[in-house]
Enquirer: 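Got a structure here, written out as structure tokens. Questions coming.
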Amino acid sequence: MIDTLRLTAYEAAELLRRKEITGAELWEAYRRAVDERDGELHCFLHVCDDPGGDGIPLAVKDVIGTKGIPTTAGSRILEGYVPVYDATVVRRAKEGHGLRVFGKTNTDEFAMGSSTENSAYGPTHNPWDPDRVPGGSGGGSAAAVSAGLAPWALGSDTGGSIKQPSALCGNVGLRPTYGTVSRYGIVAFASSLDQVGPVARTVRDCAFLYSVIAGRDPCDSTTVDLPHPVELPEGEELKGLRIGVPHELNEADGIEPGVRDAVRAAIERLRELGAEVGECRLPLSVEYGMACYYLIAPAEASSNLARYDGVRYGYRTPDPADRLDMYKRTRDEGLGDEPKRRILIGTYALSAGYYDAYYGQAQKVRTVIKREHDALFERFDALVSPTSPTVAFPLGARTQDPLAMYLSDLLTIPSCMAGLPGLNVPCGLSEGLPVGLQLIGPQFGENVLFRIGHALETALGLDPVPARLRG
């Protein structure tokens, strides 16, 4: 019997290589796990039939286009939409390494949310406690890996949607440097922020999946060649590395005591592993990051979501009186509250007379945030903080308070605004729930993050399986 709860992607590959199992047996093991546990968790919006082959199954967030497989972005307005081509990241996973798309994971509608409660198809539940959220917007991918429903997954991150759910579900999750992974074939939210990245059980698995999807793509003009090959981490000591602890990220209001204690203990372990740890400051990034994000992201979303009008694909309202009526009713009936809220905010920020005061000013602040981070990377190789201010919160606790929900991403947003890589690594428990450590690196600094994350992961030796699912 294959124990999918503890099987890593690397271990699955070794079993296949040694012919101890077949690709069909591996697929069937994960399919049985979905049948047993996903009725409670609702990680998947669609599970595929086995396409054949010996590649490792790969869960894919439902904002990533998949040829012949429904792609809804968690929205009714795209219900029934089936792409005619694969996103570049999916094509590379299939063609380069034989990975097989196992299914499409649940997401906040158009990746807008921090709890996966905004999905038009119902919320995902946290495998550690089904009465709590898995984080968002990529809660489906994070929960699927945590519950052993997939060995790894692809997510997308705009302001923390890979890192934050990985923290709440106890996974390793990477938001890569902006431009190192193609966005071609991805349902767009905020084009200058969106970035696809891996979610996995271990840092090595995360690094390998990143190596599969990264690199320049002629279909996406914002992509670049990696300056260095992706290195799979091996070492267990950190001598010579300098790690900064930004005061504003580690002492922010709203960080729960249990989260703060777990992160402080992990930082001390980094010091014991040989790293030089020092205090530093990011005052402007933290003070203005959230406001900056919630001008730029909705502004870009209002432009990107204008294409959903009932004309070309997806939902169309029945029997419209005329074209304008079709536009209005299609969008009213097909979009949920959160996309509508962000479209309205973004349209206002881009409107005549307000563009320079809001969107233009936010872009200037974004430059300040980038420079403030760059200055710290002249002194440090990486920065460290909690990923989420809290552990997983109860379902429904923040759905009526959008601002409280937005604050879930307070600690992840600044580095996302700067286009920098961030890695979540589980670092302990609080109230029996996972706590995530956020490692932030300089541009193209993924290898350093993998090295630190792997060493910490090895030193801590945490059990990644949710306590309630352990046999």
Enquirer: Are the side chains of Leu305 and Pro339 in touch, meaning some heavy atoms are under 4.5 Å apart?
Expert: yes
Enquirer: Run the numbers on Thr387 and Asn424 for side-chain hydrogen bond (donor to acceptor under 3.5 Å, both in side chains), then give the verdict.
Expert: CA-CA 7 Å; Thr387 305; Asn424 177 77; 2.7 Å; yes
Enquirer: To the nearest 0.5 Å, how far apart are CE in Met112 and CE in Met405?
Expert: 14.5 Å
Enquirer: Tell me whether Arg312 contacts the main-chain N or O of Arg307 through its side chain, where contact means a donor paired with an acceptor under 3.5 Å.
Expert: yes
Enquirer: Taking 4.0 angstrom as the limit, do Asp217 and Arg183 come out as a salt bridge?
Expert: no
Enquirer: Of the non-hydrogen atoms in Glu109 and Ser75, which two are nearest, and what is the gap between them?
Expert: OE2-OG, 2.6 Å
Enquirer: Run Thr180 and Gln195 through side chain to side chain contact (heavy atoms under 4.5 Å, CB included) and show every step you take.
Expert: CA-CA 8 Å; Thr180 61; Gln195 194 71 139; 4.0 Å; yes
Enquirer: Hey, is the main chain of Leu15 close enough, under 3.5 Å, to the side chain of Glu20 for a donor-acceptor pair?
Expert: no
Enquirer: Between Arg342 and Glu338, is there a side-chain N and carboxylate O pair less than 4.0 Å apart?
Expert: yes
Enquirer: Taking the side chain from His373 and the backbone from Ile369, do they hold a donor-acceptor pair closer than 3.5 Å?
Expert: yes
Enquirer: Between Arg132 and His125, is there a donor-acceptor pair closer than 3.5 Å when you use the side chain of the first and the backbone of the second?
Expert: no
Enquirer: Report yes or no: do Ser161 and Lys61 form a side-chain donor-acceptor pair below 3.5 Å?
Expert: no
Enquirer: Using modelled atom types only, decide if a donor and an acceptor are shared between the side chain of Asp62 and the backbone of Thr72 within a distance under 3.5 Å.
Expert: yes
Enquirer: What is the distance from atom NZ of Lys94 to atom OG1 of Thr66, rounded to the nearest 0.5 Å?
Expert: 7.5 Å
Enquirer: Is it the case that the side chain of Glu457 and the backbone of Val203 share a donor-acceptor pair, with hydrogens and angles ignored and the cut-off at 3.5 Å?
Expert: yes
Enquirer: When you measure from the side chain of Glu446 to the backbone N and O of Val230, does any donor-acceptor pair fall under 3.5 Å?
Expert: no
Enquirer: Does atom OH of Tyr327 have more than 12 heavy-atom neighbours, drawn from other residues, nucleotides or ligands, at distances under 6.0 Å?
Expert: yes
Enquirer: Is there a side-chain contact between Thr223 and Val181, using heavy atoms and a 4.5 Å cut-off?
Expert: no
Enquirer: In terms of relative ring orientation, are Tyr308 and Phe110 parallel, tilted or perpendicular, with 30° and 60° separating the classes?
Expert: tilted
Enquirer: Distance only, no hydrogens: is a donor on one side chain within 3.5 Å (strictly under) of an acceptor on the other, for Asn171 and Ser146?
Expert: no
Enquirer: Is the closest basic N to carboxylate O distance between Asp309 and Arg331 below 4.0 Å?
Expert: no
Enquirer: Between the side chains of Arg329 and Asp325, is the shortest nitrogen-to-carboxylate-oxygen separation below 4.0 Å, so that they form an ion pair?
Expert: yes
Enquirer: Is there side-chain contact between Val34 and Phe102, with at least one heavy-atom pair below 4.5 Å?
Expert: yes
Enquirer: Would you call Leu403 and Arg398 a side-chain contact if the rule is heavy atoms closer than 4.5 Å?
Expert: no
Enquirer: Applying side-chain hydrogen bond (donor to acceptor under 3.5 Å, both in side chains), run through Arg366 and Ser192 and close with a yes or a no.
Expert: CA-CA 11 Å; Arg366 186 177 188 176; Ser192 73; 2.8 Å; yes
Enquirer: If you compare all heavy atoms of Pro151 against all heavy atoms of Pro57, which two are closest, and at what distance to 0.1 Å?
Expert: CG-O, 3.3 Å
Enquirer: Please tell me if the side chains of Leu433 and Asp129 come closer than 4.5 Å, counting only heavy atoms from C-beta onward.
Expert: yes
Enquirer: Under 6.0 Å between the ring centres of Phe208 and Tyr10?
Expert: no
Enquirer: State whether the side chain of Thr107 and the backbone N or O of Gly138 hold a donor-acceptor pair below 3.5 Å, judged by distance alone.
Expert: no
Enquirer: Can you tell me how far the OH atom of Tyr210 sits from the CG atom of Leu232, to the nearest 0.5 Å?
Expert: 13.0 Å
Enquirer: How many angstroms lie between NE2 in His42 and OG1 in Thr105, if you round to the nearest 0.5 Å?
Expert: 11.0 Å
Enquirer: Examine the side chains of Ser388 and Gln164 and answer whether a donor and an acceptor come within less than 3.5 Å of each other.
Expert: no
Enquirer: What closest approach, in Å, do Leu411 and Pro389 show between heavy atoms, and which atom pair accounts for it?
Expert: CD1-N, 3.9 Å
Enquirer: Any chance you could lay out the salt bridge (charged side-chain N to carboxylate O under 4.0 Å, His left out) test for Asp463 and Arg6, step after step, and finish with the verdict?
Expert: CA-CA 9 Å; Asp463 189 342; Arg6 296 192 178 278; 2.9 Å; yes
Enquirer: Would you give the length of the straight line joining atom OG1 of Thr202 to atom CH2 of Trp152, rounded to the nearest 0.5 angstrom?
Expert: 9.0 Å
Enquirer: Apply salt bridge (charged side-chain N to carboxylate O under 4.0 Å, His left out) to the pair Glu40 and Arg468, showing each step before the final yes or no.
Expert: CA-CA 13 Å; Glu40 176 185 46; Arg468 58 186 289 272; 2.9 Å; yes
Enquirer: I'd like to know if Arg91 and Asp86 make a salt bridge, using a cut-off of under 4.0 Å between side-chain N and carboxylate O.
Expert: no
Enquirer: Can a donor-acceptor pair be found between the side chains of Asp409 and Ser114 at a distance below 3.5 Å?
Expert: yes
Enquirer: Hydrogens and angles aside, do Gln438 and Ser385 bring a side-chain donor and acceptor to less than 3.5 Å of each other?
Expert: yes
Enquirer: Check whether Thr177 reaches the backbone of Phe444 with its side chain - one donor and one acceptor, N or O, closer than 3.5 Å.
Expert: yes
Enquirer: What distance do Tyr358 atom OH and Leu350 atom CG have between them, rounded to the nearest 0.5 Å?
Expert: 12.5 Å
Enquirer: Please examine the side chains of Phe189 and Glu300, heavy atoms only from C-beta on, and report whether any two atoms are closer than 4.5 Å.
Expert: no
Enquirer: Applying side chain to side chain contact (heavy atoms under 4.5 Å, CB included), run through Leu149 and Cys43 and close with a yes or a no.
Expert: CA-CA 9 Å; Leu149 310 186; Cys43 301; 3.8 Å; yes
Enquirer: Is there a side-chain contact between Pro434 and Pro426 in this structure, where contact means two heavy atoms from C-beta onward sitting under 4.5 Å apart?
Expert: no
Enquirer: Quiz question: by atom type and distance under 3.5 Å, do the side chains of Lys163 and Ser415 form a donor-acceptor pair?
Expert: yes
Enquirer: For Ser191 and Asn304, which I'm curious about, is there any donor-acceptor pair between the side chains at under 3.5 Å?
Expert: yes
Enquirer: Side chains of Arg92 and Ser182 only: does a donor on one sit below 3.5 Å from an acceptor on the other?
Expert: no
Enquirer: Given side chain to side chain contact (heavy atoms under 4.5 Å, CB included), test Leu437 with Val384 step by step and report yes or no.
Expert: CA-CA 7 Å; Leu437 181 85; Val384 65; 3.2 Å; yes
Enquirer: Is it true that, when you exclude Tyr81 itself, more than 12 heavy atoms of the residues, nucleotides or ligands shown sit nearer than 6.0 Å to its OH?
Expert: yes
Enquirer: So, Thr317 and Glu333: side-chain donor and acceptor under 3.5 Å apart, yes or no?
Expert: yes
Enquirer: Before giving the answer on side chain to side chain contact (heavy atoms under 4.5 Å, CB included), spell out for Glu28 and Ile2 the whole-Å C-alpha distance, their side-chain angles and the decisive distance to 0.1 Å.
Expert: CA-CA 10 Å; Glu28 182 57 28; Ile2 300 171; over 6 Å; no
Enquirer: Does any donor atom in the side chain of Thr116 or Asn106 lie under 3.5 Å from an acceptor atom in the other side chain?
Expert: no
Enquirer: Is there a donor-acceptor pair under 3.5 Å between the side chain of Asp157 and the backbone N or O of Ile162?
Expert: yes
Enquirer: Looking at Asp332 and Lys340, does any basic side-chain N land under 4.0 Å from a carboxylate oxygen?
Expert: yes
Enquirer: With the side chain counted from C-beta on, respond yes when Asn250 and Pro386 share a heavy-atom pair under 4.5 Å apart, and no when they do not.
Expert: yes
